[in-house]
Amino acid sequence: MSVSFKLENYHFPPALNPKSSNCCGRLLTSNQGSGSGCCSMSGGVKNEIEEYTKQKTGFRRKKKPTKERKRRGSSPSKREAVVDIEDIMFSVDNVQIIRASLLEWYDRSRRDLPWRRLDKGEPETRAYGVWVSEIMLQQTRVQTVVHYYNRWMIKWPTVQHLSRASLEEVNEMWAGLGYYRRARYLLEGAKMIVKEGGRFPKTVSTLRKIAGIGEYTAGAIASIAFDEVVPVVDGNVIRVIARLKAISGNPKDPKLVKQVWPGDFNQALMELGATLCTPTNPSCSTCPVFDHCEALSISKHDNSILVTDYPAKGIKTKQRHDYSAVCVVEILDNQGTSELEQSSRFLLVKRPDEGLLAGLWEFPSVLLDGEADLNTRRESINSHLSKCFGLELKKNFEIVIREDVGDFIHVFTHIRLKIYVEHLVLCLKGEGSELFLKQEKKSILWRCVDNKAMSSMGLTSSVRKTYAMVEKFQAKKTSSRALPRKKQKA
């Protein structure tokens with residue numbers, strides 16, 4: 001049987017490495033096709049590759065079929081097996097050795113994580129735990145997730161328990177983890193599973209039908225909980241595979257690596273990428289498969305190449321710069337009182353059910369066109385309070401305190417948001433409840449809460465930081481007033 005190989009599968013001489021001026025990094029990426037990886041390759045370099053390929057394999061690179069030949073038949077003949085990079089990336093012997101080494105290392109060195117302690121004899125319980133952990137671990141460190149995971153599983157130990165929760169309860173439990181859409185998808189997914197009979201889906205195809213479960217999460221649940229032989233390819237796995245085979249390519253390209261290894265082996269690969277084969281500081285000397293790592297081999301023979309050169313660094317999306325004015329509105333319950341913190345409530349607004357931070361509570365805020373001075377920001381806030389709550393300056397409330405507290409930067413995935421914080425303390429003129437009652441029919445949702453309620457609500461980190469800034473600002477002012485004049489000057 002003749003076999004058609006691709007250039008991507010071979011070690012190249014140092015002159016043809018990914019950093020060589022004669023050959024671009026795409027040469028070693030997958031799915032490029034025979035001889036199609038180079039941007040500008042001279043005839044001499046092509047000949048050198050031909051000879052090197054022949055020496056290493058005994059085969060010459062097959063020429064591309066002509067258009068006429070393609071018309072006669074696009075599929076290979078029965079005697080010719082066209083092997084793609086996914087199939088011959090590792091030899092059968094290599095796979096067995098790497099598999100054994102990794103599993104032995106994983107059994108000995110894996111981290112003790114709560115979702116790994118779930119009873120393997122209860123696949124559905126294990127599947128639910130894996131699902132919750134995988135969703136929490138998206139864009140979040142393991143150390144942070146462990147505490148949230150334990151609390152979550154105590155409150156909602158099964159998918160049936162979770163399906164009976166409200167979005168408000170879920171958001172409160174999730175507060176601080178960020179990317180709140182993940183929490184909403186967990187709740188929607190649980191309701192969907194229970195509605196369909198309560199049996200947890202066992203295959204990738206059925207798992208993908210659940211809200212918020214993508215290809216990676218479906219593969220993780222199916223392979224870890226139900227032993228389905230499916231790929232689980234996350235950033236850690238791509239990095240490990242890319243270094244083992246010295247593949248220089250975009251790690252975010254979904255076509256880069258596709259492997260079919262189930263269960264513990266999937267976890268072993270992910271564990272290796274998370275603990276030893278890290279992006280910037282890999283611990284090659286303690287890696288269980290270091291002697292199979294082509295990136296390490298290349299780096300030993302060429303000091304200009306590092307293991308961390310594989311895979312190529314992905315191009316980061318440029319962040320958008322946004323600006324927001326936030327007003328912490330504090331309403332005094334008893335006009336004329338001096339004990340503000342004991343007799344006041346804070347105005348919170350619920351965000352729309354779609355979009356960024358959907359359905360979460362925050363202080364009244366307005367988006368600005370850009371950097372804005374204090375007067376411009378206050379005009380925008382005044383208009384917002386009047387339109388949404390009927391709070392008209394000097395008509396139905398009296399300003400007790402209005403101060404510019406400061407600003408800070410809050411970073412989302414693709415947004416760099418500058419938040420200007422203002423503290424507004426007011427006393428309503430007349431019956432405050434009547435003023436707010438007429439706003440109930442408005443599309444905007446709001447509530448007034450005291451300090452105690454604020455501490456227990458599921459507020460985002462940016463809202464909590466805003467509130468903490470106001471508290472610190474007021475405490476500093478109170479402390480300054482209490483000091484003797486001489487100390488104030490000092």
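Note: hydrogens, waters and symmetry copies are ignored here, and every other heavy atom, side chains too, is used. Worth saying up front: this structure is predicted, and the values here are computed from it rather than measured.
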Derivation of the side-chain contact (heavy atoms from CB on, under 4.5 Å) call for Ile419 and Ile409: CA-CA 6 Å; Ile419 299 175; Ile409 303 296; over 6 Å; no
Run Arg351 and Glu362 through salt bridge (charged side-chain N to carboxylate O under 4.0 Å, His left out) and show every step you take. CA-CA 7 Å; Arg351 292 182 64 86; Glu362 64 180 10; 3.2 Å; yes
Let's go through His321 and Lys418 carefully: what are the C-alpha distance in whole Å and the side-chain angles of both, what is the deciding distance for side-chain contact (heavy atoms from CB on, under 4.5 Å) to 0.1 Å, and is it a yes or a no? CA-CA 8 Å; His321 289 240; Lys418 184 172 184 178; over 6 Å; no
Start with the C-alpha distance between Asp112 and Arg117, add both sets of side-chain angles, then the distance that settles side-chain contact (heavy atoms from CB on, under 4.5 Å), and finish with yes or no. CA-CA 8 Å; Asp112 181 22; Arg117 301 177 203 147; 2.9 Å; yes
Run the numbers on Arg184 and Glu188 for salt bridge (charged side-chain N to carboxylate O under 4.0 Å, His left out), then give the verdict. CA-CA 6 Å; Arg184 189 180 69 196; Glu188 291 177 0; 3.7 Å; yes
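Put simply, the side chain of Ser101 never gets that close to the backbone of Ile98: no donor and acceptor are under 3.5 Å apart. Under a 3.5 Å cut-off, the side chain of Ser109 and the backbone N or O of Tyr106 do not form any donor-acceptor pair. The backbone N or O of Leu137 lies less than 3.5 Å from no partner atom in the side chain of Arg141, so there is not a single donor-acceptor pair. For the pair Arg99 (side chain) and Asn94 (backbone), a donor-acceptor distance under 3.5 Å is absent. With hydrogens and angles disregarded, no donor-acceptor distance shorter than 3.5 Å links the side chain of Thr144 to the backbone of Thr140. Under the 3.5 Å distance criterion, the side-chain polar atoms of Asn150 are left unmatched by any main-chain donor or acceptor of His147.
You'll find the side chain of Ile415 stays beyond 4.5 Å of the side chain of Val411, heavy atoms only. Here the side chains of Thr158 and Thr125 are not in contact, with every heavy-atom distance at 4.5 Å or above. Inter-residue side-chain proximity for Val146 and Pro114 is flagged as met; some heavy-atom pair is nearer than 4.5 Å. Side-chain contact between Asp407 and Val421 is absent, with no heavy atoms from C-beta onward closer than 4.5 Å. Between Leu186 and Val170, the closest side-chain pair of non-hydrogen atoms is not below 4.5 Å. Inter-residue side-chain proximity for Tyr179 and Gln138 is flagged as unmet; no heavy-atom pair is nearer than 4.5 Å. At least one side-chain heavy atom of Leu417 sits less than 4.5 Å from a side-chain heavy atom of Ser324. The shortest distance between side-chain heavy atoms of Val405 and Tyr420 does not fall below 4.5 Å.
Between Ile298 and Ala246, the shortest heavy-atom distance links the atoms CD1-CB, 3.5 Å. Shown here for Leu276 and Cys287, the closest heavy-atom pair between the two residues is CD1-CA, 3.9 Å.
The number of heavy-atom neighbours closer than 6.0 Å to CD of Glu215, taken from other residues, nucleotides and ligands shown, is 12 or below. Environment of CZ in Arg416: sparse, with no more than 12 heavy atoms of neighbouring residues, nucleotides or ligands closer than 6.0 Å. Shown here is Arg447, whose CZ atom has more than 12 heavy atoms of other residues, nucleotides or ligands within 6.0 Å.
Every pair passing ring pair (Phe, Tyr, Trp, His ring centres under 6.0 Å) that includes a residue from residues 184-240 is listed here, sequence neighbours excluded: Trp131-Phe200. Residue pairs that meet the salt bridge (Lys or Arg N to Asp or Glu O under 4.0 Å) test with at least one member in residues 267-279, sequence neighbours left out, are Arg111-Glu271, Arg116-Glu271.
Cation-pi contact between Arg243 and Tyr310: absent, since separation from the ring centre below 6.0 Å together with deviation from the ring axis within 45° is not met.
For Phe290, the ring-ring contact (aromatic ring centres under 6.0 Å, His included) criterion is met by no residue, not counting sequence neighbours. Applying the ring-ring contact (aromatic ring centres under 6.0 Å, His included) rule to Trp152 yields the partners Trp156, Trp174; only residues at least two apart in sequence or on another chain are considered. Contacts of Phe412 classified as ring-ring contact (aromatic ring centres under 6.0 Å, His included), with partners at least two apart in sequence or in another chain: His410.
Atom CG in Leu296 sits 12.5 Å away from atom CD1 in Ile305 (nearest 0.5 Å). In this structure, the separation between CD on Gln143 and CG on Leu113 is 9.5 Å, given to the nearest 0.5 Å. Separating the CG atom in Leu103 from the CZ atom in Arg108 is a distance of 11.5 Å, to the nearest 0.5 Å.
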Can you give the donor-acceptor pairs under 3.5 Å from side chains of residues 462-470 to other protein atoms, not counting sequence neighbours?
unit_1, atom_1, unit_2, atom_2, d
Ser462, OG, Thr460, OG1, 3.2
Arg464, NH2, Met457, O, 2.5
Thr466, OG1, Ser462, O, 2.9
Tyr467, OH, Asn451, OD1, 2.2
Tyr467, OH, Glu471, OE2, 3.4

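Side chain to side chain, Glu330 and Ser344 meet the donor-acceptor criterion of an N or O pair below 3.5 Å. In the model, Glu172 has no side-chain atom that pairs as donor or acceptor with a side-chain atom of Trp361 under 3.5 Å.
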